[in-house]
Each structure stands twice: as structure tokens, then as C-alpha cells.
2 protein chains.
Amino acid sequence: MVEIYNMAGHLVRRLNQISVAIFADRMAAEGVELTPVQFAALSAIDARPGIAQAALAGAIAYDQTTLGGVIDRLEQKGFVAREVSPTDRRARVLTVTRSGQDLLARVRPVVRDLQGDILSGLDEDEKAQLLALLKKTTDAGNGKSRAPLAPRDKR
Amino acid sequence: MVEIYNMAGHLVRRLNQISVAIFADRMAAEGVELTPVQFAALSAIDARPGIAQAALAGAIAYDQTTLGGVIDRLEQKGFVAREVSPTDRRARVLTVTRSGQDLLARVRPVVRDLQGDILSGLDEDEKAQLLALLKKTTDAGNGKSRAPLAPRDKR
DNA sequence: TGCTAATAATCAGCATGCTTATTATATCGA
DNA sequence: TCGATATAATAAGCATGCTGATTATTAGCA
């Protein structure tokens with residue numbers, strides 16, 4: 001056991017991989033073209049109609065550039081509308097279209113249901129424990145992505 | 001709380017994101033150009049000199065195509081040598097170069113050390129618990145990525 | 001007010017990660 | 001041994017995810 005298999009980083013990568021694969025399978029079974037990332041964005045916009053891209057990126061911890069691309073695709077599929085903000089011409093304001101709402105209604109129970117499958121091999125207590133620990137540590141590690149531990153040193 | 005924030009998928013994505021960011025920070029601080037994925041591959045090759053790409057992909061749960069690209073970059077940086085297998089001309093056999101070994105020696109303690117930081121906000125008991133649960137569920141969910149739950153239906 | 005600094009979005013560029021398809025080579029069974 | 005099948009690697013194509021740069025716009029301050 002001189003290796004990576006017990007490392008948090010590796011295990012988390014693996015579990016994320018499993019999670020994404022399960023999501024893809026379920027959506028395919030449902031005949032729906034939607035990635036986990038797209039679902040999260042759509043769901044979050046639905047909860048905050050009129051939110052701007054930057055704020056949304058913060059809310060669901062996506063990189064702003066990445067989110068731009070995600071919204072592109074959601075817009076192209078007709079699930080999201082993107083408009084210039086009336087109060088800030090730099091910002092783009094997002095809303096879920098009717099078609100997006102229909103999709104959400106259809107897909108939400110499937111997504112809720114599949115969460116349990118991601119944590120396969122665990123009993124209910126263990127799942128709850130794991131979830132609680134994940135929540136605790138992600139909350140603590142909050143600004144880790146776009147706010148580097150070390151200050152931007154270049155210049 | 002009508003949302004994604006308590007979902008396993010979202011939390012795991014976040015934690016992976018945090019993990020990758022911490023790794024990148026530490027490597028940058030070390031003046032080393034190495035991603036988590038590249039480190040895992042290099043470390044695994046070092047543990048199994050002469051392993052072929054397909055077998056390595058299986059060992060560390062990487063997609064075979066993805067691994068091809070990872071090895072490309074490790075080879076280009078001079079950390080890994082790739083040769084046609086003497087027993088199977090389809091296969092490419094991998095070994096860590098001297099330079100790769102030096103890098104591993106230098107970076108391994110840093111990687112080991114950073115694992116604890118990924119699980120910030122947890123005490124030692126909680127970290128051990130989370131690690132054990134992650135291990136248990138990833139072991140159970142093993143074939144989830146390249147072995148779909150539903151059979152390939154197209155055609 | 002006018003200039004500077006910050007912010008929102010986007011672009012280019014690179015690394016994962018996966019799918020489908022293609023090529024080269026092995027393997028297995030008739 | 002030949003032929004169908006399987007396997008190893010790679011290519012093309014798309015979706016995340018991040019960095020650094022650029023443009024447009026806003027905010028803050030002298």
C-alpha cells in the first residue's frame with residue numbers, strides 16, 4: 001500500500017467520476033440530454049430567477065468562464081433565456097424558459113432518486129454520515145478554488 | 001433548501017474541485033508543473049514498471065483515451081518512457097525515467113502532506129471516517145464508469 | 001467631474017474525461 | 001490455418017474546469 005489508493009484526492013476523484021457516470025446513465029434512460037452541471041445550473045436559476053451569471057457562478061461554485069459555456073448550451077437547447085441586465089449593462093440576467101421548467105419537473109425526481117445510488121455499498125446511516133462530512137468539509141474549504149491559498153505572486 | 005446543496009453529486013463535485021485546487025497551489029508553490037492526474041499516473045507506473053497503458057488505465061480508473069493524453073504530456077516532459085511491448089505489438093509499455101523518479105521523490109511528501117488539507121474543517125477522527133466511507137463506496141461502485149448500468153441500447 | 005480601479009462577460013488555450021470510430025494486432029474456434 | 005472476434009492505442013469531437021488577456025461598463029475617489 002505504498003500508493004495513491006488511500007489518498008483523499010484520488011478517492012474523491014473516483015467518486016465524482018462514478019457520480020457523473022450514474023447521472024449520465026439515468027438521463028440517457030430518461031431520453032434526456034442533460035449533464036449534472038447543466039442540471040445544477042438550471043435548478044439554481046429556477047430558484048433565483050433573474051440572477052446574473054457572476055452571481056450564479058458564485059452560488060453553485062462554478063468558474064465564471066465555465067459557466068458561460070454551460071449557459072451557452074442551455075440557451076441553445078432553449079431551457080434558459082439570457083438578457084442584458086436592465087440595471088447593469090455588463091451583466092447578463094438569466095431565467096428558465098417554459099421548456100426548461102417542464103424539463104426540471106420531469107427530471108428533478110430522477111435526480112433526487114439517483115443520489116442514493118452514487119453512494120452504493122453504504123447503508124442509510126453511513127450515507128447520512130458521509131453526506132454530513134462532505135457538507136462540513138466543503139463548507140470549510142469554501143474559497144479554495146478561485147481564492148488561492150497563496151497570493152497571486154506574478155507582479 | 002429546495003436545492004442541490006445537499007445532494008451527493010454536488011458535494012462530491014465541490015470537494016473534487018477543492019482537492020484539485022489545493023494540489024495545483026502546492027505544486028505551484030513547489031515550482032513544479034504537475035497535475036493530480038499526472039501525479040497519480042506517474043506514481044502508479046513507478047509501482048509497476050513496464051505496465052501497459054490499458055492495464056494502467058484500469059489500475060487507476062482512468063479512461064483509456066484520457067490516459068493516452070496524460071502519458072503524452074508526461075512523456076513530453078521527460079518523466080515517462082513509452083515503448084512498444086515486446087510481447088504484444090499493440091501495447092505500449094511504460095516506465096518512469098530517472099528524471100521522473102527524482103520528481104516523484106521530491107513531490108511525494110508534498111502530496112502526502114496536502115491530503116489532510118483537502119478535508120479541512122474536520123478533526124482527525126472525522127477525516128478517518130470520511131476516508132473510510134469514501135473507500136467503501138468507491139470500492140462498491142467500481143465498474144460504474146465504463147460499465148453502464150443499462151446496456152448500450154443504440155442499435 | 002474626471003480618472004483610476006474594480007467588475008461582468010468573453011476569448012484563447014490547455015488539461016481532464018467521456019463517446020464513437022479507426023487501425024493494428026492477437027486470439028480463438030471451426 | 002483461416003476467419004470472426006476481441007483488444008490496444010489513437011483520433012475526432014464535445015463538455016467541464018481553470019488561467020490569463022481583453023472589452024465594456026460601473027464604481028470610487030481625488
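Protein chains get the first letters and strands the later ones, always in sequence-line order, with residue 1 at the start of each. Heavy atoms only: backbone and side chains are in, while hydrogens, waters and symmetry mates are out.
- Distance check: B:L104 CG to B:I45 CD1 gives 9.5 Å after rounding to the nearest 0.5 Å.
- Under the 4.5 Å side-chain heavy-atom criterion for Ile, Leu, Val, Met, Phe, Trp and Tyr, A:M7 and B:L122 are members of the same hydrophobic cluster.
- For D:dT25, the base has no donor-acceptor partner in the side chain of A:R89 [N/O atoms by modelled type, under 3.5 angstrom].
- Atom CG in B:L15 sits roughly 16 Å away from atom C1' in D:dG17 (whole-Å rounding).
- In this structure, A:F39 and A:F23 have tilted ring planes: the angle between them lies in the 30° to 60° band.
- Note on B:Q64: every side-chain N or O is 4.0 Å or more away from OP1 and OP2 of C:dT19.
- Spacing between atom CD1 of B:I71 and atom P of D:dA8 amounts to 15 Å, rounded to whole angstrom units.
- Overall, the helix from C:dT1-D:dA30 to C:dA30-D:dT1 carries an axis bend of 10° between its ends, with five pairs at each end and the value rounded to 10°.
- Here A:R106 pairs with nothing under the salt bridge (Lys or Arg N to Asp or Glu O under 4.0 Å) rule; sequence neighbours left out.
- Atom CG of A:D63 is separated from atom P of C:dC14 by 17 Å (rounded to the nearest Å).
- Nearest-nucleotide positions on DNA chain D for A:Y62 and B:A54 put B:A54 closer to the 5' end.
- Interatomic distance, A:H10 NE2 to B:L134 CG, rounded to the nearest 0.5 Å: 11.0 Å.
- Residue B:L67 contributes atom CG, which lies 13 Å from atom P of D:dA8 at whole-angstrom precision.
- The side chain of B:D88 has C:dT25 as its nearest neighbour among D:dG17, D:dA9, C:dT25.
- Atom CD in A:Q53 sits roughly 16 Å away from atom P in D:dT25 (whole-Å rounding).
- With a 6.0 Å radius and a threshold of 12 heavy atoms from other residues, nucleotides or ligands, B:E33 has its CD atom at or below the threshold.
- Between B:I18 atom CD1 and D:dG17 atom C1' there is a gap of 14 Å when expressed in whole angstrom units.
- Note on A:L131 and B:L130: same hydrophobic cluster, where clusters join Ile, Leu, Val, Met, Phe, Trp and Tyr whose side-chain heavy atoms are under 4.5 Å apart, directly or indirectly.
- Closest to the side chain of B:R90, from the set C:dA9, D:dA8, D:dA9, is D:dA8.
- For the atom pair CD1 (A:I4) and CZ (A:R13), the distance works out to 7.5 Å, reported to the nearest 0.5 Å.
- When the P atom of C:dC14 is taken as reference, atom CD of B:Q76 falls 11 Å away, rounded to whole Å.
- Minimum heavy-atom separation, A:A91 to A:A52: CB-CB, 4.1 Å.
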Which atom pairs link the protein and nucleotides 11-16 of chain D when you take only N or O atoms and keep those under 3.5 Å?
{"from": "D:dA11", "atom 1": "N6", "to": "B:T65", "atom 2": "OG1", "distance (Å)": "3.4"}
{"from": "D:dT16", "atom 1": "OP1", "to": "A:T35", "atom 2": "OG1", "distance (Å)": "2.6"}
{"from": "D:dT16", "atom 1": "OP2", "to": "A:Q38", "atom 2": "NE2", "distance (Å)": "3.3"}
{"from": "D:dT16", "atom 1": "OP2", "to": "A:R73", "atom 2": "NE", "distance (Å)": "2.7"}
{"from": "D:dT16", "atom 1": "OP2", "to": "A:R73", "atom 2": "NH2", "distance (Å)": "2.9"}

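- Each of D:dT26, C:dT10, C:dA9 was ranked by its minimum atom distance to the side chain of A:A91; first place goes to C:dA9.
- The side chain of B:R92 lies closest to D:dA9 when the candidates are D:dT19, D:dA9, C:dG17.
- Atoms CZ and CG, from A:R14 and B:N16 in turn, are 12.0 Å apart once rounded to the nearest 0.5 Å.
- Going from atom CD of A:E33 over to atom P of C:dT19 covers 13 Å, rounded to whole Å.
- Judged by closest nucleotide on DNA chain C, A:A52 is the one of A:V20 and A:A52 placed further toward the 5' end.
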